[in-house]
Amino acid sequence: MSAASENGSVAAIVVAAGRGIRVGGGVPKQYRRVAGQAVLTRTLAALASHADVATIQPVIAADAADFFRECLEDLDPSIRARIAEPVEGGATRQMSVRAGLEALAAGAAPEIVLVHDAARPFIRPDLIARAIKAGRDHGGAVPGVAVTDTVKRVEEIEPGIGRVTETPARDTLRAVQTPQSFAFGPLLDAHRAAAAQDLHAFTDDGALAEWARLPVVVFAGDIDNRKITQASDLIEADRAFSSDAAGATAMTQYVTRLGTGFDVHAFTEGDHVWLGGIRIPADRGVLAHSDGDVALHALTDALLGAIADGDIGTHFPPSDEKWRGASSDQFLAHACELVRARGGRIDHLDITVLAEAPRIGKHREDIRARIAAIAGVPLSAVSIKATTTEKLGFVGRAEGLAAQAAATVRLPDEEADA
């Protein structure tokens, strides 16, 4: 038992590195929202509902840091304190679990480790308690529920057609769930041994433990501990959490606010313009007190409008020399912090640039990425478009450029909470 612990503690690994796009929407299912919160947020909160779970180790995809940060924002600080820094998962579920195990081994290794799917947010404290006890009693344990449908073992004879080779007795079958519970050291050793033999395709830790000849028992699962797999599952989960049918913890009620902003700057001598935090070469610059980034200025005003907190001039007056030539990312970052200080969340940022020149097409993705980084939101929450005014007005005469923006945020409903 190379990493065994005698401290009796329990840790949980939450496997959230999958792409999970079968549910649609272009966002992994663990980050899709049900009744106002991400599936992963609800899963983390559910695991933390059991006092014996001392540490929760998330495993996420390399490009999911922004999504994960948003999940944490919806959690109570007491829960966040028990959640370790996420580690990057691997190409298979097995590799992701091992990454979580190695992260735990680098610190104070627990006695018992639970391995749980991010897309199972309905887990209840009594199931967690059964998992911990079964892991302690037997060294390896997985929750299972009785199979109600007749199951056939088949041999494929042509695409979509299989010849029945066996009909196992239903009373010997169980549909396996998570959290699966193991003595920490033996499970880590089993993962390391499988990796050393270049075996990476075990679909659950129970199967890997069986391969390593570790004892594994099945304890009573929970029929309501279902996994979100299809789009219809998201719809059902939204209904369940909205009505509190699954016993979810009561959450703050939010109202959605939409703010808009507009900014314009005239052209002057220069060789570049700033748009969306990106320096774009141009045959002219803009006349401005700061760096003249119309996109970030409009977006800042949109956010301030959504929380009814003045405008950019209120917070950064042009009469103050402190802001002469200032980088506009400071303005946007400040507005985002004001939203979060109110307990709010930024859902979407949308900008339209009006200009004959410069063209922003080849800079579009860089601008989106920069705005997402400044605002601390996923790339998918940022949209930027560009248009001309068909030669009409000051934009059409190429005398300047402008931007309009909209920001959608959610704020705690003060009336509902009163």
Side-chain angles (χ1 to χ4, degrees), residues 25-27 31 63-67 69-70 256-267 270 272-286 288 290-307 311-312 316 326-340 344-390 392-396 398 400-410:
V27 176
Y31 300 113
D63 58 356
D66 288 341
F67 284 126
R69 184 169 57 247
E70 281 202 346
T256 298
R257 296 275 195 88
L258 174 66
T260 62
F262 181 83
D263 193 51
V264 56
H265 284 293
F267 285 129
H272 71 277
V273 298
W274 285 92
L275 276 176
I278 300 297
R279 189 181 191 273
I280 298 177
D283 57 7
R284 285 176 292 178
V286 296
S290 62
D291 63 7
D293 191 323
V294 292
L296 295 191
H297 291 181
L299 202 50
T300 299
D301 266 349
L303 285 165
L304 293 173
I307 61 174
D311 58 22
I312 194 170
F316 305 98
S327 175
S328 297
D329 58 357
Q330 301 172 72
F331 308 156
L332 178 58
H334 176 74
C336 292
E337 285 305 311
L338 290 177
V339 172
R340 295 187 174 107
R345 293 179 47 87
I346 300 169
D347 282 332
H348 192 66
L349 303 173
D350 183 50
I351 311 102
T352 301
V353 176
L354 299 91
E356 294 293 331
R359 301 292 184 179
I360 72 167
K362 64 181 181 180
H363 304 287
R364 186 188 312 274
E365 293 310 307
D366 288 339
I367 292 173
R368 290 182 67 213
R370 180 61 183 144
I371 290 173
I374 297 168
V377 299
L379 185 64
S380 59
V382 180
S383 170
I384 183 162
K385 310 173 296 297
T387 187
T388 68
T389 58
E390 301 294 334
L392 299 175
F394 74 90
V395 170
L401 75 170
Q404 59 187 28
T408 307
V409 306
R410 271 175 292 151

If you define the side chain from C-beta out and look only at heavy atoms, does anything of [X] sit under 4.5 Å from [Y]?
X: Ile367; Y: Arg370; answer: no
X: Leu296; Y: Ile374; answer: yes
X: Gln404; Y: Thr260; answer: no
X: Ile371; Y: Leu299; answer: yes
X: Arg257; Y: Val339; answer: no
X: Thr408; Y: Thr256; answer: yes
X: Trp274; Y: Ser327; answer: no
X: Leu304; Y: Leu338; answer: yes

Please report the closest heavy-atom contact between [X] and [Y], naming both atoms and the distance.
X: Leu303; Y: Ala407; result: CD2-CB, 3.7 Å
X: His265; Y: Val294; result: CD2-CG1, 3.4 Å
X: Asp301; Y: Gly261; result: CB-CA, 4.0 Å
X: His363; Y: Ile280; result: NE2-CG2, 3.6 Å
X: Ile346; Y: Ala375; result: CD1-O, 4.4 Å
X: Leu275; Y: Leu401; result: CD2-CD1, 4.1 Å

Salt-bridge test for Asp350 and Lys385: reply yes if a basic N is under 4.0 Å from a carboxylate O, no otherwise.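 Result for this pair is yes, salt bridge flagged.
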Would you find a donor on one side and an acceptor on the other, under 3.5 Å apart, between the side chain of [X] and the backbone of [Y]?
X: Asp293; Y: Gly276; result: yes
X: Arg284; Y: His272; result: no
X: Arg368; Y: Ser383; result: no
X: Ser328; Y: Phe331; result: no
X: Asp347; Y: Val409; result: no

Give a yes or no on this: more than 12 heavy atoms of other residues, nucleotides or ligands lie within 6.0 Å of atom CZ of Arg340.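 Counting neighbours around CZ of Arg340, more than 12 heavy atoms of other residues, nucleotides or ligands fall under 6.0 Å, so yes.
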Given side chain to side chain contact (heavy atoms under 4.5 Å, CB included), test Arg359 with Thr388 step by step and report yes or no. CA-CA 10 Å; Arg359 301 292 184 179; Thr388 68; 3.8 Å; yes
Between Phe316 and His334, is the side chain to side chain contact (heavy atoms under 4.5 Å, CB included) condition met? List the steps. CA-CA 10 Å; Phe316 305 98; His334 176 74; 3.7 Å; yes
Quick one: do Ser290 and His297 satisfy side chain to side chain donor-acceptor pair (under 3.5 Å)? Show the steps, please. CA-CA 10 Å; Ser290 62; His297 291 181; 3.3 Å; yes
In sequence, state the C-alpha distance, the side-chain angles, and the governing distance for Val273 and Arg279, and then conclude on side chain to side chain contact (heavy atoms under 4.5 Å, CB included). CA-CA 6 Å; Val273 298; Arg279 189 181 191 273; over 6 Å; no
